[in-house]
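Computed from heavy atoms alone, side chains included, the values below leave out hydrogens, waters and symmetry copies.
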Amino acid sequence: MHIDIDLDVCIGAGQCALTASDVFTQDDDGYSTLLPGAKDSGSPLLREAARACPVGAISVSETVG
């Protein structure tokens, strides 16, 4: 999976971290960031976390391998 967080759009609502706490956290300023190893996560809540973002700052796509 490829996970992208647009930090220019992120408002720090934290819905991603609440939905998929095994993938997302918030940095010291409150903005979304990925946990180490999250890009390899097969979390079933990953897409739901992207949908939960109130400003659409998170995109998830399949990686081409």
Side-chain angles (χ1 to χ4, degrees):
M1 291 280 175
H2 177 75
I3 307 163
D4 184 57
I5 303 168
D6 187 340
L7 296 177
D8 291 330
V9 175
C10 180
I11 61 171
Q15 295 304 306
C16 57
L18 288 172
T19 304
S21 60
D22 58 334
V23 177
F24 298 97
T25 190
Q26 290 178 282
D27 65 16
D28 292 339
D29 294 320
Y31 296 105
S32 181
T33 189
L34 293 173
L35 289 168
K39 289 192 182 233
D40 298 323
S41 172
S43 175
L45 296 175
L46 182 56
R47 291 188 187 280
E48 184 58 35
R51 284 190 291 271
C53 180
V55 293
I58 300 169
S59 62
V60 179
S61 60
E62 299 294 326
T63 55
V64 178

### Query
Just how far is it from atom OG of Ser59 to atom NE2 of His2, taken to the nearest 0.5 Å?
6.0 Å

### Query
Atom CG in Asp8, atom OH in Tyr31: separation rounded to 0.5 Å?
10.0 Å

### Query
Are Leu18 and Leu34 connected in a single hydrophobic cluster, I mean Ile/Leu/Val/Met/Phe/Trp/Tyr linked by side-chain heavy atoms less than 4.5 Å apart?
no

### Summary
For Ala49 and Ile58 the tightest heavy-atom approach is O-CD1, 4.3 Å

### Task
Please report the closest heavy-atom contact between Ile11 and Pro54, naming both atoms and the distance.
CD1-CG, 4.3 Å

### Gln26 side chain to Gly12 backbone, donor-acceptor under 3.5 Å
yes

### Message
Quick check against the 3.5 Å criterion: does Asp27 have a side-chain atom that pairs as donor or acceptor with the backbone of Asp29?
### Response
yes

### Summary
On a heavy-atom basis, the closest approach of Thr25 and Ala17 is CA-CB, 4.1 Å

### Task
Determine whether Val60 and Leu45 fall in the same hydrophobic cluster, where Ile, Leu, Val, Met, Phe, Trp and Tyr are linked whenever their side-chain heavy atoms lie under 4.5 Å apart.
no

### Query
Given Phe24 and Leu46, is the side chain to side chain contact (heavy atoms under 4.5 Å, CB included) satisfied, shown in steps?
CA-CA 9 Å; Phe24 298 97; Leu46 182 56; 3.7 Å; yes

